[in-house]
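Below is one structure, written out as structure tokens, with a few remarks after it.
Here is the naming used below: chain letters follow the sequence lines, and residue numbers restart at 1 for every chain.
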Amino acid sequence: MDRETQLKLLKDMLLARAFEERAAEEYTKGNIAGFLHLYPGEEAVAVGVLNAAGPSDYVVSTYREHVHAMLRGISPDQVMAELFGKKDGCSHGMGGSMHLFDRQKRFMGGYGIVGETFPVATGIAYSIAMKQQPEAVICFFGDGAVNQGTFHESLNMAALWGLPVLFVCENNHYQIGTEIHRHSAVAEVYKRACGYRIPARRIDGMNVLEVYEATGQALQQIYAGTGPQLLEFETYRFRGHSMADPGSYRPKVEVEAFKDQEDPVAIAIRETLPCYPSADEISAAGPDVINKLCSQMDNLGHLDNRQLEALRSEVAQIVDDAVAFALASPEPTLEDAQAYLDCNRQQEVLI
Amino acid sequence: MDRETQLKLLKDMLLARAFEERAAEEYTKGNIAGFLHLYPGEEAVAVGVLNAAGPSDYVVSTYREHVHAMLRGISPDQVMAELFGKKDGCSHGMGGSMHLFDRQKRFMGGYGIVGETFPVATGIAYSIAMKQQPEAVICFFGDGAVNQGTFHESLNMAALWGLPVLFVCENNHYQIGTEIHRHSAVAEVYKRACGYRIPARRIDGMNVLEVYEATGQALQQIYAGTGPQLLEFETYRFRGHSMADPGSYRPKVEVEAFKDQEDPVAIAIRETLPCYPSADEISAAGPDVINKLCSQMDNLGHLDNRQLEALRSEVAQIVDDAVAFALASPEPTLEDAQAYLDCNRQQEVLI
Amino acid sequence: MAEEMFYWQALNRALYQQMEADDSVFLLGEDVGLYGGSYRVSEGLYARFGEWRVRDTPISEGSFTGLGVGAALLGSRPVVEIMTINFALLALDAIINMATKIPFMSGGQFPMPLVVRTPGGVAKQLAAQHSQRLEQTLMNVPGLRIAVPATPQDAWWQLNQAIRSDEPIIVLEHELLYFSKGEVDTQVEAPPMHRARVHRQGADLTIVTYSRMLQVSLQAAEQLSAQGIEATVIDLRSLRPIDWDSCVQSIEQTHRLLVVEEDSSFAGAGAEIIAGLSERCFYLLDEPPKRLAARELPIAYNGTLEAMSIPRPADIVAAATDLCQTKDAI
Amino acid sequence: MAEEMFYWQALNRALYQQMEADDSVFLLGEDVGLYGGSYRVSEGLYARFGEWRVRDTPISEGSFTGLGVGAALLGSRPVVEIMTINFALLALDAIINMATKIPFMSGGQFPMPLVVRTPGGVAKQLAAQHSQRLEQTLMNVPGLRIAVPATPQDAWWQLNQAIRSDEPIIVLEHELLYFSKGEVDTQVEAPPMHRARVHRQGADLTIVTYSRMLQVSLQAAEQLSAQGIEATVIDLRSLRPIDWDSCVQSIEQTHRLLVVEEDSSFAGAGAEIIAGLSERCFYLLDEPPKRLAARELPIAYNGTLEAMSIPRPADIVAAATDLCQTKDAI
Ligand SMILES: Cc1ncc(C[n+]2csc(CCOP(=O)(O)OP(=O)(O)O)c2C)c(N)n1
Ligand SMILES: Cc1ncc(C[n+]2csc(CCOP(=O)(O)OP(=O)(O)O)c2C)c(N)n1
Ligand SMILES: [Mg+2]
Ligand SMILES: [Mg+2]
């Protein structure tokens with residue numbers, strides 16, 4: 001992979017992380033309310049998948065979708081404004097954090113009811129197939145969503161009719177507080193696809209490069225008309241399920257282990273910096289990989305560390321601007337709300 | 001297998017066939033109404049499975065369950081009376097053909113909404129498991145039902161918690177008018193169990209002896225506490241989906257092929273009669289297996305053919321009696337209906 | 001111009017017309033294709049339009065209705081057939097929490113040209129699980145429309161309108177209406193989908209009803225007329241929105257209101273009709289408004305009990321007579 | 001004897017008491033076990049009773065509710081928690097077409113001691129998909145009971161009663177009530193589950209309400225009192241059946257009726273309340289009965305719009321004032 005792509009991936013991950021951490025802050029301040037599900041820890045999945053996607057592909061996501069939305073080109077301004085419930089948000093303040101939409105960007109929504117993404121994506125794919133377009137739908141879902149009946153029903157239909165869907169499981173091992181071995185009889189999500197004869201792979205979701213490559217391959221096959229594919233990305237969320245969740249059901253040691261050794265942002269930094277540390281250097285770095293690695297790089301006086309800092313401030317600026325934009329945006333009115341509901345009412349006037 | 005058991009299986013199948021054909025007649029006469037789903041062609045499944053079941057096992061079935069009910073010991077009188085909507089029916093005229101129940105016989109109901117048998121059976125099994133009883137639940141369903149979300153959800157839970165359920169698929173290849181390759185991405189139903197790590201086998205459902213043996217083995221394992229199992233029985237229904245269905249979507253040649261060569265009653269007769277015809281004799285018999293085989297037997301002057309006739313008249317008598325019983329039974333009243341609904345209301349009086 | 005046909009035929013023609021006119025219209029549901037639909041509604045369409053536009057589905061109501069929602073997001077115009085409304089209980093998330101919410105939640109970006117066709121009601125001894133009447137469940141959903149055609153003409157008009165509309169719409173048919181016959185004029189312009197229709201004018205009381213109960217009410221009105229009571233019979237045609245004006249206009253004449261519905265009384269569709277008209281016609285009514293509905297029981301399989309469970313012409317006559325007792329006194 | 005506690009604690013205690021008393025009671029739902037329930041209702045029970053009696057489930061609402069139905073057939077007493085009512089749309093077949101039909105369809109052979117607990121209503125900016133109010137959907141189902149505890153005391157009473165009952169019962173809680181506080185007397189005998197409670201007596205109008213709108217109505221009643229209007233506030237406590245007598249008795253005094261509900265107006269729970277009371281109190285009412293309900297819109301995420309979408313104390317005051325305009329004239 002060329003260094004430019006790698007830098008793009010790194011920047012996307014840094015922005016994702018910065019955006020989400022800022023959203024958490026704004027939630028604490030009271031600027032954001034409702035359920036707020038954040039993405040830190042899982043960045044490699046969205047960044048890898050959506051950088052590999054084509055511009056005419058459609059995306060269907062869950063309530064944990066801020067990063068997915070931004071990666072499809074919805075501006076951080078519009079996403080942040082939506083989290084603030086403002087009129088300039090991408091759903092004009094009607095949807096909030098869980099329901100980002102952008103018709104033009106083919107971002108077909110964040111869905112709040114677990115399991116809804118399956119039929120929606122399958123329906124979009126049906127429409128594509130009817131029109132015989134070389135497009136695909138990317139359908140995101142968590143490990144917990146796999147046990148919903150719609151997973152089964154939709155995958156069967158998608159396979160039966162050869163629909164162009166890439167099913168993407170963000171397996172962070174938890175359905176809120178329930179660990180995957182306590183919610184799934186088969187804990188390897190990709191194996192679930194066997195019941196539908198859908199090609200499936202499990203990929204390290206902490207490694208953005210692997211995610212990017214696997215996605216690209218799968219999409220090529222889908223464009224070629226071979227029907228749906230499923231990719232399972234193993235990942236981990238660093239925060240609680242939502243801002244309302246203290247996350248106390250997870251052993252601290254588990255959380256630390258993932259944070260220190262597997263932070264996808266750290267991995268991306270490592271992979272992007274040209275002076276890649278040796279296996280020895282990494283193991284010498286001990287558990288606190290990110291910081292140690294960064295300071296090691298720093299000590300070595302790499303130019304790229306400055307570049308990294310530049311990236312960090314660039315994304316910080318983007319996030320600051322987004323918050324300013326959101327704060328400045330007006331609130332939608334009741335008339336707006338009525339008009340949004342009536343978007344499907346053409347000229348007709350009801351009694 | 002001892003001859004007595006075989007004779008029992010044969011008699012059960014003959015009764016099943018005679019009962020159902022008579023039900024069709026009574027429907028035409030107007031004594032039975034609503035949806036009437038008949039079982040001819042599939043007898044080997046219910047007869048094999050339920051003869052292998054233990055007396056303390058529970059059974060959950062679908063709307064095509066007259067035969068299952070009788071095999072659990074509900075009298076043909078009570079079943080026929082229920083089809084007639086009479087008070088002496090096993091559901092006192094409230095349920096009809098699709099909703100036979102008998103608490104004492106552990107016949108836990110016929111369910112009319114496709115896919116309901118899965119969670120009901122799983123719940124019964126949960127209750128058994130809580131009480132640590134050496135009992136099992138037998139859950140019947142069709143090939144079409146496999147695509148309902150509840151299949152997936154329930155099998156996952158049953159496997160996850162090791163519940164004592166025997167999932168029994170009566171694969172007659174059709175979901176009303178839709179052939180299995182047009183409704184399922186994977187047409188081998190037993191393969192669907194792989195997504196849950198549930199042991200599964202496919203068995204010839206036209207061969208009652210194989211059905212009986214496979215069921216016995218599966219139940220022994222379930223009693224031993226190894227969790228759920230799934231058996232797929234390949235079978236065929238000779239009639240339309242229900243009395244309202246002309247069945248014209250099926251190629252005539254397919255129907256004839258199954259009827260002539262695979263009639264489970266014919267197979268049971270063949271297997272039960274001590275003078276088992278040779279492979280040559282069978283193939284010489286040509287496509288019209290049942291009749292030719294019977295007349296061959298007859299020509300040979302076998303005692304057992306008389307026994308067969310005796311069995312036939314015995315079941316004919318049982319069915320005649322059932323119709324007479326049903327005709328004589330009174331209709332339930334509105335007060336009865338209210339009392340049935342209020343069975344769960346203890347002494348309490350509502351405002 | 002008008003032609004006599006079955007209700008199912010009127011629906012069939014409407015589907016044909018819309019599919020001919022617009023490639024983005026497609027049907028899906030169990031046995032709609034090769035089999036031609038359980039009630040023949042899609043007969044002949046599979047042969048004409050092929051499997052992509054007339055799609056036989058697995059038994060997966062929740063997801064194939066959701067598939068319709070997804071396809072509608074791309075501008076397709078899916079017509080989902082749920083074989084009977086009993087199975088719609090499995091598809092309510094798709095209808096209520098997806099189809100009707102997306103246009104709003106997206107801030108107006110996604111219209112939802114989805115039609116869900118399904119027969120509801122009590123048919124002939126199908127027993128409790130197959131005798132759902134879910135109209136009131138659907139009525140409480142902002143952003144949803146419910147058309148309830150009671151005649152072949154309305155079936156023709158309303159299905160055509162529903163497919164052309166960008167709103168999510170339930171076309172609630174009735175199993176016992178499919179083989180009823182009536183005149184259909186396919187050329188005349190349709191009234192607005194939600195406009196009620198006065199089927200009969202009478203000065204003594206207003207009967208408000210919908211779907212199959214229209215026929216039962218019209219029979220009762222004939223009998224009442226023989227007794228000297230003249231009823232106005234209004235077919236709502238739409239349960240969301242309700243055409244209040246037509247009802248109020250009639251009550252201005254009759255001062256008496258009887259609502260006849262097939263669902264069970266408590267919190268049924270009639271509750272809204274009574275409540276809406278009590279609020280609007282408080283000073284017009286001479287007598288307490290009355291509901292005639294199904295009993296508060298699941299539907300029994302037994303035929304006699306089944307028949308007793310929902311309003312019959314005699315029940316309507318009795319209720320109307322009762323309501324008009326004071327008529328001569330005034 | 002009485003002790004102050006949170007609503008969730010009252011529910012928690014009731015669960016504990018019933019599980020201690022009867023081995024056949026068990027809980028199931030998402031995160032009810034190790035996590036202790038999203039709203040703490042099952043806190044501590046997993047440690048005390050173990051995984052078989054406090055079962056964390058996969059996200060499979062349709063089937064785990066159906067599992068409860070199956071277990072109830074064997075005499076177990078399942079308490080199914082559906083994390084929020086929004087997900088109950090996926091479980092309606094199990095509730096409506098299984099749980100409430102089986103006792104009847106089996107000819108009275110199988111009582112159905114199933115409890116489904118779930119919080120409904122509009123909470124704090126959870127947006128359209130998480131702001132369902134399904135009370136009217138459940139109200140139209142014969143054979144189902146719906147308890148709507150509005151106070152910790154009722155939560156304690158009604159959950160205890162529901163678990164002991166052999167009927168299928170929905171205990172409809174409210175996300176914004178879990179952390180409300182109140183006195184709970186665990187020793188005093190409970191009134192019948194469906195009995196309404198008069199929370200406040202006043203001669204000028206009757207406000208009938210339920211669940212969280214009780215608190216809002218009581219606030220409004222205080223403000224009204226300051227204006228010289230005295231309202232009776234009735235908490236229905238049960239939406240099926242409804243205790244009509246308590247309402248009628250009050251209207252006999254006040255002659256004015258205002259129904260306050262959180263669901264949307266058209267065909268909501270209030271439709272039945274207005275209809276039932278219009279039928280019963282036609283000659284008692286001085287003014288048209290009035291409903292105050294949520295707007296006919298999905299709930300917006302935006303906080304200001306959300307607050308404007310459901311009744312606030314000021315809205316109730318305005319409606320009541322309006323209704324009592326003629327008071328002095330009489
Ligand atoms: C049908 C449904 N049931 C329950 C919930 C509540 N809920 C929200 S997120 C969630 C866990 C989902 O887990 P998973 O699919 O693994 O996604 P993750 O949150 O881990 O990304 C649950 C139970 C819901 N939103 N929808
Ligand atoms: C949820 C649901 N959808 C549709 C139906 C209508 N229906 C009744 S039986 C049937 C086909 C079932 O096929 P299968 O499971 O193979 O059982 P079979 O009838 O072949 O024994 C259908 C679609 C139903 N009863 N329930
Ligand atoms: Mg997860
Ligand atoms: Mg079949």
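- Along residues 148-156 of chain B, the residues that come nearer than 4.5 angstrom to chain D, judged on non-hydrogen atoms, are B:Thr150, B:Glu153, B:Ser154, B:Asn156 in order of number.
- Residues from residues 74-92 of chain B that place a non-hydrogen atom less than 4.5 Å from a non-hydrogen atom of chain D comprise B:Cys90, B:Ser91, B:His92, given in numerical order.
- Interface remark: of the candidates D:Ala72, D:Gly75, D:Pro113, D:Ser63, D:Ser63 forms the most heavy-atom pairs closer than 4.5 Å to chain B.
- For the residue pair B:Asn344 and D:Asp166, the shortest heavy atom distance occurs at CB-O, 2.9 Å.
- Here the side chains of B:Trp161 and D:Leu67 are in contact, with some heavy-atom distance below 4.5 Å.
- Annotation: residues 22-32 of chain D contacts chain B through D:Asp23, D:Phe26 [non-hydrogen atoms, separation under 4.5 Å].
- Shown here for D:Thr100 and B:Leu341, the closest heavy-atom pair between the two residues is O-CD1, 4.3 Å.
- By the 4.5 Å heavy-atom criterion applied to side chains, B:Glu116 and D:Asn97 are counted as neighbours.
- Applying the ring pair (Phe, Tyr, Trp, His ring centres under 6.0 Å) test to pairs two or more places apart or on separate chains, those with a residue in residues 53-105 of chain D are D:Phe87-D:His130.
- For B:Tyr126, the parts sitting under 4.5 Å from any heavy atom of chain D are the backbone and the side chain alike.
- In terms of heavy atoms, D:Ala71 sits closest to B:Ser127 at O-OG, 3.8 Å.
- B:Ala337 touches chain D through backbone and side chain together, each having a heavy atom under 4.5 Å away.
- Contacts with chain B were tallied for D:Pro168, D:Ser60, D:Gly107; D:Gly107 has the most, counting heavy-atom pairs under 4.5 Å.
- Counting only heavy atoms from C-beta outward, the side chains of B:Tyr340 and D:Met105 never approach each other to under 4.5 Å.
- Most heavy-atom pairs under 4.5 Å with chain B, from the set D:Ala94, D:Ser106, D:Gly62: that is D:Ser106.
- Using a 4.5 Å cut-off between heavy atoms, B:Asp102 touches chain D through backbone and side chain atoms alike.
- Side-chain contact between D:Pro58 and B:Leu160 is present, with heavy atoms from C-beta onward closer than 4.5 Å.
- Looking at B:Met157, the atoms closer than 4.5 Å to chain D (heavy atoms on both sides) all sit in the side chain, from C-beta outward.
- Residue contact with chain D, scored on non-hydrogen atoms closer than 4.5 Å, is absent for B:Leu100.
- With a 4.5 angstrom heavy-atom cutoff, D:Thr57 touches chain B via backbone and side-chain atoms both.
- Of the two parts of B:Ile124, the backbone and the side chain both hold a non-hydrogen atom closer than 4.5 Å to a non-hydrogen atom of chain D.
- Contact between B:Phe101 and D:Gln109 at its shortest, heavy atoms only, is O-NE2, 3.2 Å.
- Considering every non-hydrogen atom in both D:Pro103 and B:Cys343, the closest pair reads CB-SG, 3.7 Å.
- Rounding to the nearest 0.5 Å places CG of B:Asp342 at 7.5 Å from CD of D:Glu167.
- Taking every heavy atom of both residues into account, D:Leu74 and B:Lys131 meet most closely at O-NZ, 3.2 Å.
- Taking chain D as the reference chain and counting heavy-atom pairs below 4.5 Å, the highest number among B:Met98, B:Met130, B:Gln338 is found for B:Met130.
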